[in-house]
Peer 1: 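Pasting a structure below so you can have a look.
The first residue of the sequence shown is numbered 1, and numbering continues consecutively from there.
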Amino acid sequence: MKKIVIVLLIATLFCRCEKEVNITLPTILFEKTSASVLDSVKIRVEEYADIDGERVHADYYDWHIENTNGEVIAKNFPDSGTIDWIPQEAGYFLIKVKIGYDNNKSITSIKEITVMESVASLQKKIIGHWKGKGTRGYDGGEWGIELFIDNSSHFYGIADYYDFNPYCEKGVFNIERLDYYHGPANGIGSYQDSCGIPGEISCEKIKVIEVEENKGKGKITVGWIAVFNDVTDTSCFDLNFNNLTIEDDRLYFEFPADNNAPTKIALIRD
């Protein structure tokens, strides 16, 4: 009798091993309909597998994320049907999860996700040292521009648009020629000069305020320095900019044409 029980048990196990695992194609789902850089994205997978109608639970979940070049840009996620991912850059990505069943069976599900730029990501990207050109809106000419932007959005900028005056080769970014003289012909009197201001102006900031279709809009606060009767005065004013984009270490943004700033800025990371 004992031998018969053992034989039946072996036969039962053998039959189970021969049965196929019925696996429904898993579906990857996102908690939100859109994803932005530096935002937390919750991703989960709905899966189902059975043997003759009996539910088979997954042995493991192996997640990783690839860019369009097939490079793995995120992995080592928890062994779980739900993960959280914080994208570090904008673009198109493939979410892949391999799910294992019944010790030796597995299936991989793939879904594409588009990650858009965010205010935080664009603000982070503009940090650095930039050089390039600004196109003047009023005459189509160009200014050579150099910007230094730090992680607190403060910038220091210079532009070489004072070429008509050998004593005024560089000035504070976005400031027109402001020199003028008051007084008699002998040269004694008051003199105001914004030419060739060295150093930084603390109020100067460039901040991204909103993003639409991966292009930033924001505000740049510009400093103005004048010397009048040997007294230095600093003032600040705001300009709006739009269409800020960064592509391959190239920075572009624009100003409305109704101010004294260059209409278009095109810079390269130095």
Peer 1: Measuring only between side-chain heavy atoms, which start at C-beta, is I145 closer than 4.5 Å to I265?
Peer 2: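 When only atoms from C-beta onward are counted, I265 and I145 do touch, with a gap below 4.5 Å.
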Peer 1: Within this structure, what is the CG-CG distance for the pair D84 and D39, rounded to the nearest 0.5 Å?
Peer 2: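 Output value for this atom pair is 12.0 Å.
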Peer 1: Does a side chain donor of either Y156 or E146 reach within less than 3.5 Å of an acceptor in the other side chain?
Peer 2: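 On atom types as modelled, these side chains do not qualify, holding no pair under 3.5 Å.
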Peer 1: Taking S152's backbone N and O only, do any of them form a donor-acceptor pair with D150's side chain (distance below 3.5 Å, no angle check)?
Peer 2: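 Yes.
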Peer 1: Check whether any side-chain heavy atom of N22 lies under 4.5 Å from a side-chain heavy atom of Y48, and answer yes or no.
Peer 2: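 No, every pair of side-chain atoms sits at 4.5 Å or beyond.
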Peer 1: Can you give me the closest heavy-atom contact between L244 and L251, atom names plus distance?
Peer 2: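 Between these two residues, the closest heavy atoms are CG-CD1, 4.0 Å.
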Peer 1: Within the structure provided, determine whether N242 and F253 are in side-chain contact (heavy-atom separation under 4.5 Å).
Peer 2: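 Not in contact.
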Peer 1: Looking at K105 and E20, is any side-chain nitrogen of the basic one under 4.0 Å from a carboxylate oxygen of the acidic one?
Peer 2: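 A salt bridge is absent here (no side-chain N lies under 4.0 Å from a carboxylate O).
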Peer 1: Quick test of your reading of the model: are E247 and R269 salt-bridged, counting only N-O distances below 4.0 Å?
Peer 2: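 Looking at R269 together with E247, the answer is no, because their closest N to O distance does not fall below 4.0 Å.
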Peer 1: Are R55 and D50 within salt-bridge range, i.e. N to O under 4.0 Å?
Peer 2: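 Salt bridge absent between R55 and D50.
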Peer 1: Any sub-3.5 Å donor-acceptor pair from K219's side-chain atoms to K207's backbone N or O?
Peer 2: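 Answer holds: no.
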Peer 1: Could you check F30 against W85 for ring pair (Phe, Tyr, Trp, His ring centres under 6.0 Å), going step by step and ending with a plain yes or no?
Peer 2: CA-CA 11 Å; F30 305 114; W85 174 48; 8.5 Å; no
Peer 1: With a 4.5 Å limit on heavy-atom distance, are the side chains of I268 and K131 in contact?
Peer 2: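 In short, these two side chains do not touch, never coming nearer than 4.5 Å.
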Peer 1: Enter the distance from Y61:OH to T82:OG1 here, rounded to the nearest 0.5 Å.
Peer 2: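 Separation between the atoms: 8.5 Å.
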